[in-house]
Structures are given as C-alpha cells and as structure tokens.
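Working notes, beginning with the structure itself.
Along the sequence shown, the residues carry numbers beginning at 1.
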Amino acid sequence: MRKMQGHEVPEDQVDAWVAEAEAGYDVEQLRKRGRPTRGGQAAQVVPVRFTDEEITSLMQRADREHLNRSEAIRRAVREWTTA
C-alpha cells in the first residue's frame, strides 16, 4: 500500500491517477491554478525572521484591523516606504 501525507492510498486510486495523467491535462487550466498574481505579475517571496514578541505584536494589531499576517506586513511596508 502506498502512502500520501501519511495516509494509505489504495492501488485503484493510484491507477486512476495514472490513467488521468496519461490521458493528458489541459495546460491552460493548470496555469490558472494557484494563488492569483498581485499587481498583474508574480510576486516574490521574501523570507523574514521575527521574534515571538514581534509576531505577537504583529498579530494583535492585525486582528484589531481585521487583516491576516501577510496583509498586515504588506501594509506596514507600504506605509514605511511611502512615508
């Protein structure tokens, strides 16, 4: 039995995936998958390290402003770079 993400995958499911792949995929449909672009082009991921205290402060403010962490960081950078 094969496993995927720690779960057993029955052989008939593997066979179905193989048949689907061999039949071919619509390339245009595959290109539409994933996160939407930002600003009409692909965005870059920039790894940044934060201390636990910084993340706590960030998330407290993000929660107050109803933002997720990424949105809060982008807003802070935008405000800092345009000041």
Side-chain angles (χ1 to χ4, degrees):
M1 179 85 44
R2 297 171 193 242
K3 289 190 175 189
M4 179 185 284
Q5 298 179 346
H7 300 283
E8 292 184 354
V9 179
E11 204 59 38
D12 60 330
Q13 178 62 67
V14 174
D15 292 340
W17 288 333
V18 168
E20 179 184 5
E22 288 176 343
Y25 294 106
D26 180 357
V27 175
E28 290 305 315
Q29 182 65 31
L30 291 175
R31 288 184 179 147
K32 294 178 183 177
R33 294 172 49 177
R35 292 182 183 203
T37 60
R38 296 188 63 242
Q41 59 186 351
Q44 294 182 36
V45 174
V46 180
V48 178
R49 294 177 187 232
F50 292 105
T51 65
D52 289 342
E53 293 80 20
E54 290 168 332
I55 292 174
T56 298
S57 296
L58 169 69
M59 291 311 301
Q60 288 172 347
R61 173 122 183 221
D63 289 343
R64 283 195 309 270
E65 298 188 19
H66 307 289
L67 301 170
N68 66 38
R69 183 166 56 191
S70 294
E71 292 168 332
I73 293 169
R74 283 193 291 268
R75 181 179 288 183
V77 169
R78 187 171 45 253
E79 289 176 8
W80 183 76
T81 58
T82 59

Minimal non-hydrogen separation, [X] against [Y], with atom names:
X	Y	answer
Glu8	Pro10	O-CD, 3.9 Å
Tyr25	Trp17	OH-O, 4.3 Å
Met4	Val9	CB-CG2, 3.6 Å

Checking side-chain contact (heavy atoms from CB on, under 4.5 Å) against Asp63, which of Arg61, Met59, His66 comes through? Met59
By the definition side-chain contact (heavy atoms from CB on, under 4.5 Å), identify the one residue from Ile73, Asn68, Leu67 that meets it with Ser70.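 Testing Ser70 for a side-chain contact (heavy atoms from CB on, under 4.5 Å) against Ile73, Asn68, Leu67 leaves exactly one candidate, Asn68.
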Residues pairing under side-chain hydrogen bond (donor to acceptor under 3.5 Å, both in side chains) where one sits in residues 73-83, two or more places apart or in two chains, turn out to be Glu65-Arg75
